[in-house]
Amino acid sequence: MKDKVRVRFAPSPTGGLHIGGVRTILFNYLFAKHHNGEFILRIEDTDQTRFVQGAEDYIYSCLKWCGITVDEGTREGGNYGPYRQSERKSLYREYAEKLVAAGHAYYAFDTSEELECKRQVIENFRYDHSSRKQLRNSLTIPHEAVESLIREGAPHVIRIKMPEDEQVAFHDMIRGDIAFHSSEVDDKVLLKADGMPTYHLAVVVDDYLMKISHVFRGEEWLPSAPVHILLWKYFGWADEMPKWAHLPLILKPDGNGKLSKRDGERFGFPVFPINWVDANTGNKTEGFVEAGFVPEGFINMLAMLGWNDGTDQEIFNMEELIAKFSLDRIHKAGAKFDYEKAKWYNAEWIKASSAGHLLPQVKPFLNHKGINNIDDAYLLDVIEMVKERCVLLPDFYEQASFFFTAPVHWDSNAVKPKWNTGKDAFFREFADQIKDKNDLSSAALETIFKDLATEKGMKVGELMLPFRIMLVGGKFGPQVFDIAEKIGITETIHRIHNALEAFK
Ligand code: GLU
């Protein structure tokens, strides 16, 4: 093992960030921090045709929200930069040429039209050990002709020469020993005609140059692994090869297969951390932030999608995750995404968070509903009173709007069938009794309320629900005298009178 743990997340800026990608980030980060190592963010933007404006900024915004810090990256810098592959373009050709010289790669001059023709006539055409002998490349064209083509600047790519009959075996830290037969893999392009490396070349060269010790990436990259393993070997770096971990997929809630953006639309839940609008297509994908997740809930949920600490514990903060993270507890099988469970984590974290911590996160959701300029001290109390009842941040509006605005609709069905003049008189008198008293505590209000009921020979239980509906509008909310104390005597009296009119 290399002395220092250095891991990387290497996204291609081709769109937003799926939660599967965030989980890959998280596992990289937890592993790095557990081992006092470094977490590197490398932008793999060699495929300029798939570049999407804003994708890199978006990734950084997601990391910030998640509370994950990058040690080296395009913004942080570091000793192994640049960290954006397009800025490293000039260094890759030399490596590709080395492979050509050693006989592990070759120049291919076939134009895209020529290859397209092949595809038309040959079903499942692949550029590989069997077809390359009939194609225009440095394996079939005489050496001098190749040299003059290159001298004349004839467009060409460099392809890996996959061995014909070889087992490519390697150890995966999650899946154990894995082997591919070399004939299963085509002769991948390593260097494109425009001089840009492809992912396969760049990922290996950069993992080497950046001294990456462990690669955690999604299972979808497993088929590329044999190409990478061979490249590490062909470059003569096999001893420095990172250890591999291909993470199981996050699966659809129903059936099998990778959770997709479309599943989010289908079921109405987010699959990206933050709302994302694709600059090229204008398509919008919903985010967990806007759905009302707190980062702690989101991270906790993601960590448990494919990992546990071997006990029944389900709630972990980032420090605990770092302390307890271990590779041997990553599951081999894919984890089904369960939105109800995700919300459960969020509710647990809302409950466990202090009102002060929640305040800046709750405010935008209240503002969105037109509730502005609320005094922070008042809001803190309100958050404390209702947080137990909130699953997602927008619930703070649902659960607490009556603290800011008086109800205009009342659940009168819950009151009217049992309403009578005696109750009407009770509330008028109650309002009268409290009217000259300022700053009555919840307990004092309760005593006045109960004493008056006893005096009138009425059941307290039958008066509490109407009182709640007067103050709140419906059958919900925290303790009713706490609400009255919080909104104040004047407002309580005002609401009693308004409701009495409506109950008539
Ligand atoms: N650029 C690849 C991606 O978009 C990186 C895969 C890897 O980690 O090797 O995910």
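All values below were derived from every heavy atom in this structure, side-chain atoms included, with hydrogens, water molecules and symmetry-related copies excluded. Both counts, for ligands and for their atoms, begin at 1 and track the order of listing.
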inquiry  = So, using ring-ring contact (aromatic ring centres under 6.0 Å, His included) as the criterion, who are the partners of Y199 when residues are at least two apart?
reply    = W221, H228

key: Test salt bridge (charged side-chain N to carboxylate O under 4.0 Å, His left out) applied to E265 and R262, step by step   = CA-CA 5 Å; E265 286 154 25; R262 228 161 290 129; 5.3 Å; no

inquiry  = Any carboxylate oxygen within less than 4.0 angstrom of a Lys/Arg side-chain nitrogen, looking at E219 and R175?
reply    = yes

For residues 277-288, dump all side-chain donor-acceptor pairs below 3.5 Å to protein atoms at least two apart in sequence or in another chain.
| unit_1 | atom_1 | unit_2 | atom_2 | d |
| --- | --- | --- | --- | --- |
| D278 | OD1 | N280 | N | 2.8 |
| D278 | OD1 | T281 | N | 3.1 |
| T281 | OG1 | N283 | N | 3.1 |

task = Over 60° means perpendicular and under 30° means parallel, so classify the ring planes of F337 and Y339, tilted if in between.
result = tilted

Between ligand 1 and the protein, give all atom pairs where both partners are nitrogen or oxygen and the distance is under 3.5 Å, as lines of names plus distance to 0.1 Å.
| unit_1 | atom_1 | unit_2 | atom_2 | d |
| --- | --- | --- | --- | --- |
| ligand 1 | 1 (N) | A10 | O | 2.8 |
| ligand 1 | 1 (N) | S12 | OG | 3.1 |
| ligand 1 | 1 (N) | E44 | OE1 | 2.6 |
| ligand 1 | 4 (O) | S12 | N | 3.4 |
| ligand 1 | 4 (O) | S12 | OG | 3.1 |
| ligand 1 | 8 (O) | R8 | NH1 | 2.7 |
| ligand 1 | 8 (O) | R8 | NH2 | 3.3 |
| ligand 1 | 9 (O) | R8 | NH2 | 3.0 |
| ligand 1 | 9 (O) | Y199 | OH | 2.6 |
| ligand 1 | 9 (O) | R217 | NH1 | 2.9 |

task = Could you list the residues that satisfy ring-ring contact (aromatic ring centres under 6.0 Å, His included) with Y60, not counting sequence neighbours?
result = none

